[in-house]
Each structure stands twice: as structure tokens, then as C-alpha cells.
Amino acid sequence: MPLPSKNQMISWILPLLVALIALIIYTTNSQKPDTANGNRNLRLGNPSTAVHDPAQPDNYLIERPQYVLSYNRDHGTPNWVSWRLTESDLGDVPRSNVFKSDTTMLPDEWYHVRTDDYTGSGYDRGHMCPSADRSAPPEENNQATFLLTNILPQAPNNNREAWEQLESDSRSWVRKGHVLYVIAGGDGDNGTIADGKIQVPKYTWKIIVVMPVGESDITKITAETPVIAVRIPNNLNEKFGDWETYQVTVAKIESITGYHFFTNLSSEIQQSLKTKKDPVPAT
DNA sequence: CTGGACCGC
DNA sequence: GCGGTCCAG
């Protein structure tokens, strides 16, 4: 058997080396996800300084191309979910409708909330980043919104009425050319479901920064940029009004949650955005 | 996966 | 009617 030529050696070793290096880069990156500020969904700041570190199980950063969130292991829900919404996020991908445990982003030994945990609870599997906000191809965008780390138990009348109407109006603003920076979550204690594995929040809240038409760069945000914030009761059998009924200041949500929003903006602009209640943009 | 329900526009 | 949110089987 003749010795392999130099060329044959290279044809074997080179791909092997490339594969090895790629594997090293891949594993290194999956342990250290993109820095939070580089993700388009978290440009305004990280409200609870969440980190992707199992030592902080109740403020555990999960970054996806579709949204970024802080997960609370002991609540089985996100603390908050943050995403950017633009016209190019809206498309024709059908609603996946398949709620799934998040098996890729949580430490193996943590409890992984299952779709069955919500069945018969009386609460909806309430999307924070909505399905319809991630309807542009590929399908993974929509499927990602059905991961249960993006879900919290939401009273049906909250989810399907006031909350849904605000989501729908938001998409209407986006179709008129506005880019939105959105962050949503729950606060308070309305008991638990699934034998205590999932905490039900007493309120759901949402903050929306409405960018000038055609702008997505946060340096274009001024003290006059509209901000819409709501905090909606999450009680079964609550009688709900229009979402405008529930408008609050961002300062109110900060004082209740202890989070700090808009930390990537100047303190002057923060002060303005947090203390005003803006009129509702035209839909 | 399908079919059925709700709601608001 | 439609499009959005779900549910149960």
C-alpha cells in the first residue's frame, strides 16, 4: 500500500481541523450568548440586569433572535420579555399553536414547565411576545413564541380582551411604519397552578416605545417620543374595559417591580419617558 | 391535528 | 364575515 501523498494528507486533515475549530467556537458561544445590548430585542436596556447564569435562577437571561427574557425558575414564568417589533416581523406564517417546554436554554436539572401544567387551570397560556408579532418566515420565528418560557398564566378575559386589543393596535401602528420597543411581564401574587410549579401574577404590564415613522435607532428617541404603558388586573372573572383604561406611567411599573427601564437612554430622556402618559397613537 | 368557542372590529 | 385569542378531544 503506497504512502498517502501530501495532497491526500491535506484533504483529510484540513477538514478535520476546520470541524474541530468550528466545534470549539460553537460550544464557547453557546455558553456565552451574545451580549445583551447586541440583541436587537434588548436595545433599551436589561431592566433587572439578568444574566445567563444558573447561580441566578430567578433572574436568568435567555436570548433568542425573536425576543429576550428574564426567566424565573421558581415562578415557572418570565419576569419580563423584551422585543422589537417592525413591519418586517409581520408575515403570513400560520400560527404554530404548539406550546413546548423550553429544552434548549434552561439547565437540565431545572423543572421544565409543560403545556399540560396549564391544562384545566382556568388560565390561558398567555404569550408575552405574541405569536402574531413573529409571523414572518422562517417558521422558527413563530414557533419560538410558543416556548413556555415566553408564557405566563393569564386570565382569559385579560388575555383575549384588553391585552389582545393592545397587541392588535400595536401591530396597526407598526403597519403605519412605526418601530416599537416592547417589554412585558407580570407582577404580584395570585396564587399558583400546577401544584405550585407556576406562579400566577396579579397583574400583567406592558411598556411600548413608539418610534418615529421609519426610525429604529434608539438615539432618535427624545423626551417627546410616545410611550404607552399599561398594567391590567389578572383576575378570573374580572370585568375588563378598553386597554386605555389601564394606562399607567412607567415610573409606576418601576416602583412595583423594582426594575429599571430605558437604562441605555440619557437620564433626562428616561425621566421624561417614565413620568408621562401619552395619548394613544392613531391606528 | 381537528373542530369549536369566544371576542372585537 | 375576519382575524386574533384560546380550549378540549
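Each chain gets a letter, A, B and so on, in the order the sequences are listed, and its residues count up from 1.
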Please give, in whole Å, the distance from [N] [atom2] to [X] [atom1]?
| X | N | atom1 | atom2 | answer |
| --- | --- | --- | --- | --- |
| A:Asn97 | B:dC1 | CG | P | 10 Å |
| A:Arg95 | B:dG3 | CZ | P | 17 Å |
| A:Lys239 | B:dC6 | NZ | P | 15 Å |
| A:Asp124 | B:dC7 | CG | C1' | 12 Å |
| A:Gln154 | C:dG4 | CD | P | 17 Å |
| A:Leu166 | B:dG8 | CG | P | 15 Å |
| A:Phe240 | B:dC6 | CZ | C1' | 15 Å |
| A:Tyr118 | C:dC7 | OH | C1' | 15 Å |

Can you find a side chain N or O atom of [X] that sits less than 4.0 Å from OP1 or OP2 on [N]?
| X | N | result |
| --- | --- | --- |
| A:His127 | C:dC6 | yes |
| A:Arg160 | B:dG8 | no |
| A:Asn159 | C:dC6 | yes |
| A:Arg171 | C:dG3 | no |
| A:Arg125 | C:dC7 | yes |

Exercise. Between A:Lys197 and A:Asp117, which heavy-atom pair has the shortest distance, and what is it?
Worked result: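 Looking at all heavy atoms of both residues, the closest pair is CE-OD1, 4.0 Å.
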For this session: Determine whether A:Val210 and A:Asp278 make a side-chain contact, defined as any pair of heavy atoms from C-beta on separated by less than 4.5 Å.
Result: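 No, their side chains stay 4.5 Å or more apart.
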Exercise. Mind checking whether A:Trp110 and A:Tyr71 have parallel, tilted or perpendicular rings, split at 30° and 60°?
Worked result: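 Because their plane-to-plane angle is under 30°, the rings of A:Trp110 and A:Tyr71 count as parallel.
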Which nucleotide in [options] has an atom nearest any side-chain atom of [X]:
| X | options | value |
| --- | --- | --- |
| A:Phe99 | C:dC6, C:dG4, B:dC9 | C:dC6 |
| A:Glu161 | B:dC7, C:dC6, C:dT5 | B:dC7 |
| A:Ala132 | B:dG8, C:dG4, C:dC6 | C:dG4 |

Exercise. So what does A:Tyr123 hit on the nucleic acid, given a heavy-atom distance under 4.0 Å: a base, only sugar-phosphate, or nothing?
Worked result: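 A:Tyr123: backbone/sugar contact only, no base atoms under 4.0 Å.
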Problem set entry | side-chain contact (heavy atoms from CB on, under 4.5 Å), paired with A:Tyr60, selected from A:Thr149, A:Leu106, A:Asn79, A:Leu69 |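 For A:Tyr60, the side-chain contact (heavy atoms from CB on, under 4.5 Å) check succeeds only for A:Leu106.
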Exercise. Quick one: do A:Lys202 and A:Asp187 make a salt bridge, cutoff under 4.0 Å?
Worked result: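 Salt bridge absent between A:Lys202 and A:Asp187.
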